[in-house]
Amino acid sequence: MRLGISYDGTDFLGWARQPGLRTVQGTLEESLSKVFREPIQLTVAGRTDAGVHAEGQVAHFDTTGELDPPRLLHRMARFLPKDVRITDVRLAPAEFDARFSAIRRHYSYRLTTAPYGADPLRARSVVPCKPGLDLDAMRAASGALLGLHDFAAFCRRREGATTIRELQRYDWEREGDALTAYVSADAFCWSMVRSLVGAVLAVGEGRRTPEWVAGLLSATERSSAVTVAPAHGLSLVAVDYPDDAELAARNAQTRETRSVPEGGCCGS
């Protein structure tokens with residue numbers, strides 16, 4: 001079964017199950033296991049850190065039980081706490097894998113330049129920042145990062161994990177005091193989105209230049225000069241998947257080791 005999931009990450013210690021701690025995965029698996037009367041284990045499209053939200057998270061699980069999707073959706077609304085919801089349930093093809101079948105993930109990061117800070121009704125998902133940001137410079141810095149690169153400078157190291165990613169979208173929109181970053185890639189490494197936002201905010205504040213941000217792509221390890229933006233401004237908004245007939249091929253492709261082509265990439 002494939003699930004669409006939404007949650008307010010404020011009171012969760014991230015997605016991944018941790019013994020004795022409140023996590024999104026642990027909460028969902030506990031409730032699903034009660035409904036199906038068998039142990040349920042979820043595979044997720046993208047693990048989120050503590051405090052990070054999701055509007056379009058996707059997960060899947062296998063079950064021997066029989067329960068139609070509309071009924072499961074209704075029952076889980078009664079079982080789950082108010083800060084996490086299953087928003088979609090459907091039977092998935094055997095080849096579907098929430099993680100390895102994904103083509104790209106879409107995140108948004110929400111800020112406000114209002115002099116009074118974040119509106120109380122949005123304070124759990126909007127980060128206050130300095131007014132007077134140079135949006136043109138921020139867009140120039142963001143654009144320089146697009147393409148297939150080694151984003152080691154923006155990622156917290158995990159043993160054996162690659163930091164090569166294809167950043168497909170990174171732009172900014174302003175509406176009044178509201179400022180939103182839209183970031184999309186085939187995949188993200190640990191803390192990558194928040195580091196990308198933190199680096200470009202430094203440009204907007206005049207503390208760094210777009211050239212400095214572009215220069216970080218030559219780093220081979222995480223840069224201490226990059227500030228990680230607060231978790232609560234970040235939300236996973238959507239995950240894209242191929243047509244059913246292409247799922248198996250996508251799974252195999254995702255499992256391949258990534259490398260940056262010799263001499264650069266993406267026309268650079």
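Note that these values count all heavy atoms, side chains included, but never hydrogens, waters or copies made by symmetry.
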Would the distance check show the side chain of Arg105 and the main-chain N or O of Val239 forming a donor-acceptor pair, the cut-off being under 3.5 Å? no
Are Arg156 and Trp190 in a cation-pi setup, meaning NZ or CZ lies under 6.0 angstrom from the ring centre and within 45 degrees of the ring axis? yes
Please determine whether residues Val183 and Val126 belong to a single hydrophobic cluster, defined as Ile, Leu, Val, Met, Phe, Trp and Tyr linked transitively by side-chain heavy-atom distances below 4.5 Å. no
Side-chain donor/acceptor of Ser33 to backbone N/O of Glu30, under 3.5 Å: no
Is it true that Leu32 and Leu73 fall in one hydrophobic cluster, defined by side-chain heavy atoms closer than 4.5 Å? yes
Side-chain H-bond candidate by donor/acceptor type, Arg222 with Ser195, under 3.5 Å: yes
For the residue pair His60 and Asp97, confirm or rule out a side-chain donor-acceptor distance under 3.5 Å. no
Nearest atoms (heavy-atom pairs only) where Ala123 meets His232: O-CD2, 3.5 Å
Check: Thr87 side chain, Gly4 main-chain N or O, donor-acceptor pair, under 3.5 Å: yes
If you count every heavy atom of other residues, nucleotides or ligands that lies below 6.0 Å from Arg139 atom CZ, does the total exceed 12? yes
Out of curiosity, does Val200 fall in the hydrophobic cluster containing Trp212 (side-chain heavy atoms, cut-off under 4.5 Å, transitive links)? yes
Honestly, is Arg255 close enough over Phe100, meaning NZ or CZ under 6.0 Å from the six-membered ring centre and within 45° of the axis? yes
Closest approach of Ala98 and Val44, non-hydrogen atoms and distance? CB-C, 4.0 Å
Hey, does Met192 have a side-chain heavy atom less than 4.5 Å from the side chain of Cys189? yes
Nearest-0.5 Å distance that lies between atom OG in Ser184 and atom CD in Gln168: 7.0 Å
Donor-acceptor side-chain pairing of Ser101 and Glu95 below 3.5 angstrom: no
Please tell me if the side chains of Ile164 and His149 come closer than 4.5 Å, counting only heavy atoms from C-beta onward. no
Quick one: does any side-chain atom of Asp68 pair with a main-chain N or O of Arg71 as donor and acceptor, under 3.5 Å? yes
One thing to verify: whether Arg124 and Asp11 come together as a salt bridge, which I'm taking to mean a side-chain N less than 4.0 angstrom from a carboxylate O. yes
Using a 4.5 Å cut-off on heavy atoms from C-beta on, say whether the side chain of Ile5 contacts that of Val58. no
Beyond-backbone contact of Tyr109 with Thr180, side-chain heavy atoms, under 4.5 angstrom: no
On a heavy-atom basis, the closest approach of Pro128 and Gly117 is CB-CA, 4.1 Å
For Thr254 and Arg99, run side chain to side chain donor-acceptor pair (under 3.5 Å): C-alpha distance rounded to whole Å, both residues' side-chain angles, the deciding distance at 0.1 Å, then the answer. CA-CA 9 Å; Thr254 304; Arg99 177 186 176 193; over 6 Å; no
Looking only at side chains, do Thr23 and Gln18 share a donor and an acceptor under 3.5 Å apart? no
Could you state whether Val35 and Leu91 fall into the same hydrophobic cluster, counting links through intermediate Ile, Leu, Val, Met, Phe, Trp or Tyr residues with side-chain heavy atoms under 4.5 angstrom apart? yes
Is Asp243 salt-bridged to Arg250, going by a charged N under 4.0 Å from an acidic O? no
Tell me whether the count of non-hydrogen atoms from other residues, nucleotides or ligands lying under 6.0 Å of CZ in Arg85 goes above 12. yes
Quick check for you: to the nearest 0.5 Å, what is the distance between Leu21 atom CG and Leu13 atom CG? 5.5 Å
Please report the interatomic distance CD1(Ile103) to CD(Glu246), rounded to the nearest 0.5 Å. 7.0 Å
When rounded to the nearest 0.5 Å, the distance separating CD1 of Ile86 from CD of Gln57 is 12.0 Å
Within 45 degrees of the ring normal and closer than 6.0 Å to the centroid, is that where the cationic atom of Arg165 sits relative to Phe151? no
So do Arg174 and Leu135 actually touch side chain to side chain, heavy atoms under 4.5 Å? yes
What are the two closest heavy atoms between Ala219 and Ala152, and how far apart are they? O-CB, 3.9 Å
Does a donor on one side chain sit under 3.5 Å from an acceptor on the other, for His53 and Ser125? no
Could you check whether Phe61 and Phe36 have their ring centres less than 6.0 Å apart? yes
Rounding to 0.5 Å, atoms OG (Ser142) and CG (Leu167) come to a distance of 8.5 Å
Could you tell me if the side chain of Leu111 sits less than 4.5 Å from the side chain of Leu201, heavy atoms only? yes
Whether the Thr64 and Glu38 side chains hold a donor-acceptor pair (N or O, under 3.5 Å, no angle test) is what I'd like checked. yes
May I ask you to decide if the ring planes of Tyr170 and Trp172 are parallel, tilted or perpendicular, using 30° and 60° as cut-offs? tilted
Are Phe188 and Tyr182 linked, directly or through intermediate hydrophobic residues, by side-chain heavy-atom contacts shorter than 4.5 Å (ILVMFWY only)? no
Heavy-atom count around Arg78 CZ within 6.0 Å, excluding the residue itself: above 12? yes
When you compare the side chain of Glu55 with that of Leu236, does any pair of heavy atoms fall below 4.5 Å? no
Please determine whether side-chain contact (heavy atoms from CB on, under 4.5 Å) holds for the pair Leu28 and Phe79, giving the CA-CA distance in whole Å, both sets of side-chain angles, and the decisive distance to 0.1 Å. CA-CA 9 Å; Leu28 286 167; Phe79 268 82; over 6 Å; no
Does Arg110 come within less than 4.0 Å of Glu175, counting only side-chain N to carboxylate O? no
Distance-only donor-acceptor check, side chains Thr48 and Tyr7, under 3.5 Å: yes
Which atom of Gly204 lies closest to which atom of Met138, heavy atoms considered: CA-CG, 3.4 Å
Residues Arg104 and Asp240 bridged, charged N to O under 4.0 Å: yes
Which of these, Val193, Val197, Val237, Leu196, sits in a side chain to side chain contact (heavy atoms under 4.5 Å, CB included) with Tyr107? Val193
Report the C-alpha distance between Phe12 and Asp49 in whole Å, list the side-chain angles of each, state the deciding distance to 0.1 Å, and finish with yes or no for side-chain contact (heavy atoms from CB on, under 4.5 Å). CA-CA 9 Å; Phe12 289 104; Asp49 291 338; over 6 Å; no
Are Thr112 and Leu179 close enough that some pair of their side-chain heavy atoms sits under 4.5 Å apart? no
List the steps, then state whether side-chain contact (heavy atoms from CB on, under 4.5 Å) holds for Thr27 with Glu29. CA-CA 6 Å; Thr27 300; Glu29 288 180 345; over 6 Å; no
Heavy-atom neighbours of Arg22 CZ exceed 12 at 6.0 Å: yes
Can you see which heavy atom on Pro210 is nearest to which on Ala137, and at what distance? CG-O, 3.7 Å
Please walk me through it: do Leu42 and Leu3 pass side-chain contact (heavy atoms from CB on, under 4.5 Å)? CA-CA 9 Å; Leu42 294 173; Leu3 305 178; 4.0 Å; yes
